[in-house]
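Protein chains get the first letters and strands the later ones, always in sequence-line order, with residue 1 at the start of each.
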There are 2 protein chains.
Amino acid sequence: MENSRIVLVDDHQLIIDGLSRIIQEIPGFELVTSYHDPLEALQKIPVWKPEILMVDFEMPGLNGLELIRKLKQQIPELKTVLLTMHLDQATVKEALSLGVNAYILKNLDEFELRVALEKVSKGQNYYSAPVTEVLNSKSKSIQKSSNSQLDLLSGREREVLKLIAEAFSTKEIADQLSLEISTIETHRKSLMRKLDVHNVAGLVRIAVQEGLVS
Amino acid sequence: MENSRIVLVDDHQLIIDGLSRIIQEIPGFELVTSYHDPLEALQKIPVWKPEILMVDFEMPGLNGLELIRKLKQQIPELKTVLLTMHLDQATVKEALSLGVNAYILKNLDEFELRVALEKVSKGQNYYSAPVTEVLNSKSKSIQKSSNSQLDLLSGREREVLKLIAEAFSTKEIADQLSLEISTIETHRKSLMRKLDVHNVAGLVRIAVQEGLVS
DNA sequence: AATTTTCTCCCTGTTTTCGGGGAGGTTTAG
DNA sequence: CTAAACCTCCCCGAAAACAGGGAGAAAATT
């Protein structure tokens, strides 16, 4: 059986170097090349035709999910592994809807990386325990690992929050949604009540933390 | 000559695994142990008596610089290498004043890691080109490697921006810094002018994007 | 030594936010 | 079907943000 050809994209060269050594020691896998610039990766990966693409989520210019989305349009059969620093529900959900095959936290160890790669190459998916826990958010999550605060918002409220966090003024938001200013103000008040903050700064902060923007 | 004994602290196990392999390949150095929890590292490192300590800056609980500060009180002769994701002038300056022997960006490659370790073990210091450039901030850095928008802010402005992004009101910030409200308003206006935004939402967004908070 | 930037504070005035309500129609869930 | 939640819009008033300016003392650069 041939090795599975892997391409790695991470903006930190030192991490590429380290991961490449780990991958070298996993039988059946082969790192063919790597990129530290997501935009360069986007252009050149199609010519490599790798079987598996491993991408860091946090990158300047183009984040990992966007890179995967664009590459999947060109190479639908590409298998993808997302690497990330922190766990965040919005990102996990977006990754799933994109069909990412594995979601790996950087604080996992090399054994889990190996398991994940082997599963992915067989066409299966791999999501580590903390990840699946975030997904089954309907299950308890009463005191521990409470799911995102955004879950108690209505659709419209989330929409308004997103625009607030993008630094639009109330008037601009009203124009954009074809609503009255007073309506946006009502939504903003509901947002502050539900999220327990008392100014827009608090709203923006939560929106960014939860990955609603940027 | 004996090997230089290194201890590594990084909250991401995968990165520890990768770096340990790189260090293994550098002759004259030996990784004796590693920690992913800075608090555990703080307690146990003294018994290892390593020659060189490599620490990630971004860690939960206790950041790399604080860990170094506390350990240097116990082991003044300890040689220290700070690893970090992003370049930030305030951190660089604090690191220098702490006597950190090397400051390495994670987007550097393994060769530079090797050079840095060799210099440090000889009692010299290593600061990569981008780091020294940040220090001599008089050098323009005109088109390439343009640093963040925050670099055109003064120290006080950065401080105020941080507090704004943490959702404190103008009055609360004034109290915290023992300044008049009017002063904070002036700083806020300067921030908006320099960063080209027109409301707090825009300020918070930039602050979060640039890693000033959260 | 001279200039520029920073830091502090002030003034005036307009706009927006914030917190508290209410209210009517629609959608959703029990 | 009924109750709850959602969406829309309105009222009020106090507080804060926003925009423009000025100004003096201290610090940093040149």
Side-chain angles (χ1 to χ4, degrees), chain A residues 137-138 147 149-207 212, chain B residues 89-90 92-93 96-97 133-142 147 149-207 212:
Chain A
S137 50
K138 66 193 68 171
N147 38 14
Q149 309 175 69
L150 301 188
D151 287 8
L152 41 114
L153 304 184
S154 69
R156 197 56 139 175
E157 284 163 354
R158 244 191 305 277
E159 196 176 3
V160 172
L161 175 57
K162 190 171 152 65
L163 292 170
I164 290 176
E166 280 165 356
F168 289 108
S169 71
T170 300
K171 184 176 184 322
E172 288 168 336
I173 297 174
D175 291 346
Q176 225 164 303
L177 300 180
S178 299
L179 294 175
E180 292 302 310
I181 289 179
S182 59
T183 304
I184 308 302
E185 285 172 339
T186 301
H187 286 314
R188 196 184 51 220
K189 282 187 277 189
S190 301
L191 286 166
M192 287 183 182
R193 184 173 38 76
K194 288 185 175 180
L195 299 176
D196 192 30
V197 299
H198 306 280
N199 52 39
V200 285
L203 290 178
V204 178
R205 236 195 145 199
I206 291 177
L212 197 65
Chain B
Q89 200 179 24
V92 172
K93 285 186 175 169
L96 286 192
S97 73
E133 193 176 294
V134 164
L135 283 178
N136 314 343
S137 52
K138 65 193 70 171
S139 72
K140 319 283 118 64
S141 74
I142 301 178
N147 28 18
Q149 309 177 68
L150 301 188
D151 288 9
L152 42 114
L153 305 183
S154 69
R156 198 54 138 179
E157 284 163 353
R158 244 192 305 277
E159 196 175 5
V160 171
L161 175 57
K162 188 170 154 63
L163 292 169
I164 290 174
E166 280 165 357
F168 290 108
S169 71
T170 300
K171 186 181 182 321
E172 288 168 336
I173 297 173
D175 289 348
Q176 228 166 302
L177 300 180
S178 300
L179 294 175
E180 292 301 311
I181 290 179
S182 60
T183 304
I184 308 302
E185 285 172 337
T186 301
H187 286 314
R188 180 165 25 79
K189 281 186 281 189
S190 301
L191 286 167
M192 288 182 181
R193 182 173 40 76
K194 288 186 177 179
L195 299 175
D196 194 29
V197 298
H198 305 280
N199 52 36
V200 286
L203 291 178
V204 178
R205 233 192 146 204
I206 290 178
L212 198 64

Any sub-3.5 Å donor-acceptor pair from [X]'s side-chain atoms to [Y]'s backbone N or O?
X	Y	value
A/Ser178	A/Ala174	no
A/Lys194	A/Leu153	no
B/Glu157	B/Ser154	yes

Axial bend angle, the helix from C/dA1-D/dT30 to C/dG30-D/dC1: five-pair end segments, nearest 10°: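 Both end axes considered, the difference amounts to 70°.
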
Stepwise salt bridge (charged side-chain N to carboxylate O under 4.0 Å, His left out) test for A/Glu159 and A/Lys162: CA-CA 5 Å; A/Glu159 196 176 3; A/Lys162 190 171 152 65; over 6 Å; no

Note: A/Glu166-B/Arg205 ion pair, threshold 4.0 Å (strictly below):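 Judged by the 4.0 Å cut-off on N to carboxylate O distance, A/Glu166 and B/Arg205 do not form a salt bridge.
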
Residue pair B/Glu180 / B/Thr183, side-chain donor-acceptor N/O under 3.5 Å: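 No pair is found: no donor N or O on one side chain lies under 3.5 Å from an acceptor on the other.
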
Polar contact flag, side-chain donor to acceptor under 3.5 angstrom, B/Ser182-B/Glu185: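 Absent: no donor and acceptor within the cut-off.
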
Where B/Phe168 and B/Ile173 come nearest, the two heavy atoms and their spacing: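 It is CB-CG1, 3.7 Å.
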
Atom pair CG (A/Leu195) and CG (A/Leu152), whose distance is rounded to the nearest 0.5 Å: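 Between A/Leu195 CG and A/Leu152 CG, I get 6.5 Å after rounding to 0.5 Å.
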
Sugar-phosphate or base contact per nucleotide [nucleotides 3-20 of chain C; S, B, -; heavy atom under 4.0 Å]: ---SSBBB------BBBB

Could you list the protein-to-nucleotides 28-30 of chain C atom pairs, N/O on both sides, closer than 3.5 Å?
none

Qualifying residue for side chain to side chain contact (heavy atoms under 4.5 Å, CB included) with A/Arg188, from A/Val200, A/Val160, A/Leu161: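 Of the listed options, the one satisfying the test is A/Val200.
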
